[in-house]
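All of these numbers come straight from a predicted model, not from anything done at the bench. Any value given below was found using the heavy atoms of this structure, including those in side chains, with hydrogens, waters and symmetry copies removed.
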Amino acid sequence: MFYQLDHLTTLYMQGNNIASFEGDVFQDLKQLKYLNIHGNGLESIGRGTFFGLSKLEYLNMSGNNIGNVDKLIFKDLMSLKTLISDDYSFCCLLEDVGFNEVDCTPDADVFSSCDNLMQNVYLRAFLWLFGLSALLGNSFVILWRWINWPAKKSPSYTQSFLITNLAVADMLMGLYMLIIASADSYYREDYVTHDSEWKASRICTLAGILAFLSSESSVYTLTVISCDRFLHIAFPFRRFHLTQETVKFAVAVGWFLTLVASILPALPIPYFNDEYYGVTSVCLALPLTSEKVRGWEYTAAIIIGFNTLCFLIIFVCYTAIFMFIKASSRNIKQTGTNNSDKNQHIAIAMRMAFIVATDFCCWVPIIVMGILSLTRTVYIPPEAYAWAAVFVLPINSAINPYLYTFVTLKKRQKQRNVSKYVTEKTNECSGMKTGEREYGTHFTKTSNERTVVEMIEYIIRSQKLSDKSVNVEILQHLSEVLDLAKKYNTDISQIDVGNRLQPNIVTTTTKL
């Protein structure tokens with residue numbers, strides 16, 4: 001093709017719509033030092049394409065769609081100083097043939113190396129740890145809440161519905177992490193030759209969709225939870241509360257919108273150019289690098305814009321909630337009254353605030369880093385991006401089950417222990433002598449209420465005088481109930497100590 005051009009030193013071949021180079025097409029260009037084959041739409045380059053170009057110093061092969069190539073494609077380019085391509089895997093091929101001093105573009109992937117999809121061994125371990133934790137933990141939450149699903153008229157119905165949807169979103173993140181961890185194991189020590197194949201695969205696209213859907217539906221559900229909690233605290237008499245139908249509609253709309261938003265970049269739309277989820281080896285479309293790839297405006301609008309708006313709403317809701325809690329506590333101290341229903345919602349709001357705080361810790365760094373990277377305000381090391389995407393982002397999905405469901409299980413177990421203990425002791429003191437009732441005879445209550453107070457006094461006094469070891473927390477609960485009954489002359493069945501002793505437990509005791 002280039003016969004008798006052995007003195008040619010510079011060759012521009014960009015924009016000629018050449019689909020492939022086969023054989024030793026450049027072998028007659030012995031003195032060639034500069035070669036530009038940019039923007040030809042190349043799909044393949046044969047093993048011997050660069051044979052004979054021993055004096056070539058500059059090679060630009062960017063702007064093409066080159067698939068997998070032979071590992072030894074650059075072995076004859078002994079004088080090469082600069083290589084410009086679209087994929088770092090070509091730089092890895094230079095290292096494989098011993099050309100380590102070449103100025104190669106683009107830079108390495110912040111996640112992967114020439115040998116492994118996940119180059120950091122610690123991040124590799126966290127992928128498996130958080131993936132299994134998120135998948136198994138949230139699966140347990142969904143199963144447990146399905147088995148213990150509250151009645152429609154129960155005050156906890158809406159809460160269980162929202163938490164279950166949050167668990168589904170977090171479980172999807174676990175699936176995503178296990179897919180990436182499995183791909184890393186599959187391509188171990190040989191990733192570079194499969195880099196393009198993996199990024200363009202349907203599995204990588206599916207993983208990206210799962211991560212996008214999980215993160216956005218989780219943020220949206222947390223926003224609905226925050227609004228619901230705010231309305232319960234601000235308007236305790238259910239005047240402006242979200243109805244069950246409203247919550248179900250809001251959640252359904254959220255899932256639909258986030259699903260559409262996550263699938264849209266995977267469709268054959270020119271704007272995304274079929275490479276939205278394949279920008280990085282972990283198939284994440286996060287704005288964590290200064291490089292503005294295709295679809296970066298879409299990513300910034302959702303990850304930075306939408307998520308920031310959601311967290312502002314969450315912040316306003318919980319700021320108002322804490323103000324109401326403070327005012328309510330001051331009012332209770334002054335009047336000596338206790339609203340059990342409102343206290344229950346306050347306790348739920350406190351637990352939810354802790355959950356939302358963990359989400360802030362996970363998402364705020366992503367948002368801040370995204371803004372800094374796009375504006376190029378400060379330089380952020382590539383290692384920080386890798387840790388943010390693999391460790392910071394998904395950790396919330398892994399720990400959420402332990403924050404709001406396993407803690408609830410432990411609390412319910414304590415309440416059952418208190419109820420069982422009170423029942424056993426009231427059975428013991430049901431036949432006590434008249435003289436043992438002297439501690440409660442000064443109350444001006446009905447006979448049933450006076451008997452309950454006397455029974456609690458008897459239980460506390462008998463345990464303090466005996467040598468038996470008893471749970472200190474149980475005695476503390478009983479003592480607080482007794483103090484409130486004496487101080488405010490309140491019906492025992494209405495007492496709720498810090499939302500730690502449920503009213504139905506005391507009601508059972510009253511019937512005894």
Non-neighbouring partners of [X] that pass ring-ring contact (aromatic ring centres under 6.0 Å, His included), sequence neighbours left out:
| X | result |
| --- | --- |
| Trp149 | Tyr157 |
| Trp387 | Phe391 |
| Phe272 | Tyr276, Tyr298 |

Any donor-acceptor pair under 3.5 Å linking the side-chain atoms of Thr158 with those of Asp228?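 No, Thr158 and Asp228 have no side-chain donor paired with an acceptor closer than 3.5 Å.
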Residue pair Asp87 / Ser85, side-chain donor-acceptor N/O under 3.5 Å: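 No pair is found: no donor N or O on one side chain lies under 3.5 Å from an acceptor on the other.
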Of all pairs that satisfy salt bridge (charged side-chain N to carboxylate O under 4.0 Å, His left out), the ones with a partner from residues 45-57, not counting sequence neighbours: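 Every pair satisfying salt bridge (charged side-chain N to carboxylate O under 4.0 Å, His left out) with a residue in residues 45-57: Arg47-Asp70.
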I need the full list of salt bridge (charged side-chain N to carboxylate O under 4.0 Å, His left out) pairs touching residues 130-144, with sequence neighbours left out, sorted by first then second residue. none
Student check: side-chain heavy atoms of [X] and [Y] closer than 4.5 Å:
| X | Y | answer |
| --- | --- | --- |
| Phe99 | Lys75 | no |
| Phe161 | Pro150 | no |
| Ile367 | Phe311 | yes |
| Cys310 | Tyr220 | no |
| Leu53 | Leu29 | yes |
| Leu42 | Met61 | no |
| Ile66 | Phe90 | yes |
| Ser281 | Tyr191 | yes |

Applying side-chain hydrogen bond (donor to acceptor under 3.5 Å, both in side chains), name anything that partners Glu95, two or more places apart in sequence or on another chain.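 In terms of side-chain hydrogen bond (donor to acceptor under 3.5 Å, both in side chains), with neighbours along the sequence ignored, Glu95 is linked to no residue.
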Could I get the full list of side-chain hydrogen bond (donor to acceptor under 3.5 Å, both in side chains) partners for Thr246, not counting sequence neighbours?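 Checked Thr246 against side-chain hydrogen bond (donor to acceptor under 3.5 Å, both in side chains); matches are Thr243.
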Working to the nearest 0.5 angstrom, can you tell me the gap between [X] [atom1] and [Y] [atom2]?
| X | Y | atom1 | atom2 | result |
| --- | --- | --- | --- | --- |
| Asn138 | Leu143 | CG | CG | 12.5 Å |
| Gln14 | Leu35 | CD | CG | 10.0 Å |
| Leu175 | Leu206 | CG | CG | 9.0 Å |
| Leu210 | Met171 | CG | CE | 9.5 Å |

Surrounding [atom1] of [X] (heavy atoms of other residues, nucleotides or ligands, distance under 6.0 Å), is the total greater than 12?
| X | atom1 | result |
| --- | --- | --- |
| Phe315 | CZ | no |
| Glu189 | CD | yes |
| Ile203 | CD1 | no |

Determine the minimum heavy-atom distance between [X] and [Y], stating which atoms define it.
| X | Y | answer |
| --- | --- | --- |
| Ile302 | Ala261 | CD1-CB, 4.3 Å |
| Leu56 | Tyr58 | CD1-O, 3.5 Å |
| Ser182 | Leu178 | OG-O, 2.7 Å |
| Ala388 | Ile366 | O-CD1, 3.5 Å |
| Val102 | Thr82 | CG1-N, 4.0 Å |
| Ser214 | Leu172 | CB-CB, 3.8 Å |

Sub-2.5 Å SG contact, Cys317 and Cys227: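 Cystine link not detected, SG atoms outside the 2.5 Å cut.
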Is the side chain of [X] donor-acceptor paired with the backbone N or O of [Y] at a distance under 3.5 Å, no angle test?
| X | Y | answer |
| --- | --- | --- |
| Asp115 | Asp190 | no |
| Asn307 | Val219 | no |
| Asn60 | Ser62 | yes |
| Asp86 | Gly63 | yes |
| Ser133 | Ala398 | yes |
| Asn64 | Asn40 | yes |

What pairs meet the disulfide (SG to SG under 2.5 Å) rule with one or both residues in residues 158-201, with sequence neighbours excluded? none
Can you sort out the partners of Cys114 under disulfide bond (SG atoms under 2.5 Å apart), two or more places apart, ordered by chain and number? Cys92
Can you name the residues that form a disulfide bond (SG atoms under 2.5 Å apart) with Cys283, not counting sequence neighbours? Cys204
Evaluation steps, ring-ring contact (aromatic ring centres under 6.0 Å, His included), between Phe21 and Phe50: CA-CA 10 Å; Phe21 282 129; Phe50 302 118; 7.8 Å; no
Residues that Lys199 engages under salt bridge (charged side-chain N to carboxylate O under 4.0 Å, His left out), provided they are two or more places apart: Asp109, Asp195
Positive for side chain to side chain contact (heavy atoms under 4.5 Å, CB included) with Ser218, one of Thr223, Leu213, Asp170, Val168: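 With Ser218 as partner, Thr223, Leu213, Asp170, Val168 yield a single side chain to side chain contact (heavy atoms under 4.5 Å, CB included), made by Asp170.
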Residue pair Ser217, Trp255: steps toward the side-chain contact (heavy atoms from CB on, under 4.5 Å) verdict: CA-CA 6 Å; Ser217 58; Trp255 277 109; 3.7 Å; yes
Check the pair Glu22 / Thr49 against side-chain contact (heavy atoms from CB on, under 4.5 Å), numbers first and verdict last. CA-CA 6 Å; Glu22 301 295 339; Thr49 298; over 6 Å; no
Could you walk me through whether Tyr34 and Tyr12 pass the ring-ring contact (aromatic ring centres under 6.0 Å, His included) check? CA-CA 8 Å; Tyr34 184 103; Tyr12 293 90; 5.3 Å; yes
Between Phe74 and Leu83, does the side-chain contact (heavy atoms from CB on, under 4.5 Å) criterion hold? Intermediate values first, please. CA-CA 11 Å; Phe74 298 126; Leu83 173 65; 4.2 Å; yes
Show me, pair by pair, the donor-acceptor contacts under 3.5 angstrom made by side chains of residues 119-132, not counting sequence neighbours?
residue : atom : partner : partner atom : Å
Gln119  : NE2  : Val110  : O            : 3.4
Gln119  : NE2  : Ser112  : O            : 3.4
Asn120  : OD1  : Tyr122  : N            : 2.8
Asn120  : OD1  : Leu123  : N            : 3.2
Arg124  : NE   : Met118  : O            : 3.4
Arg124  : NE   : Asp184  : OD2          : 3.2
Arg124  : NH2  : Met118  : O            : 2.7

Is there a side-chain contact (heavy atoms from CB on, under 4.5 Å) between Leu284 and Val279 once you walk through the steps? CA-CA 7 Å; Leu284 275 179; Val279 172; over 6 Å; no
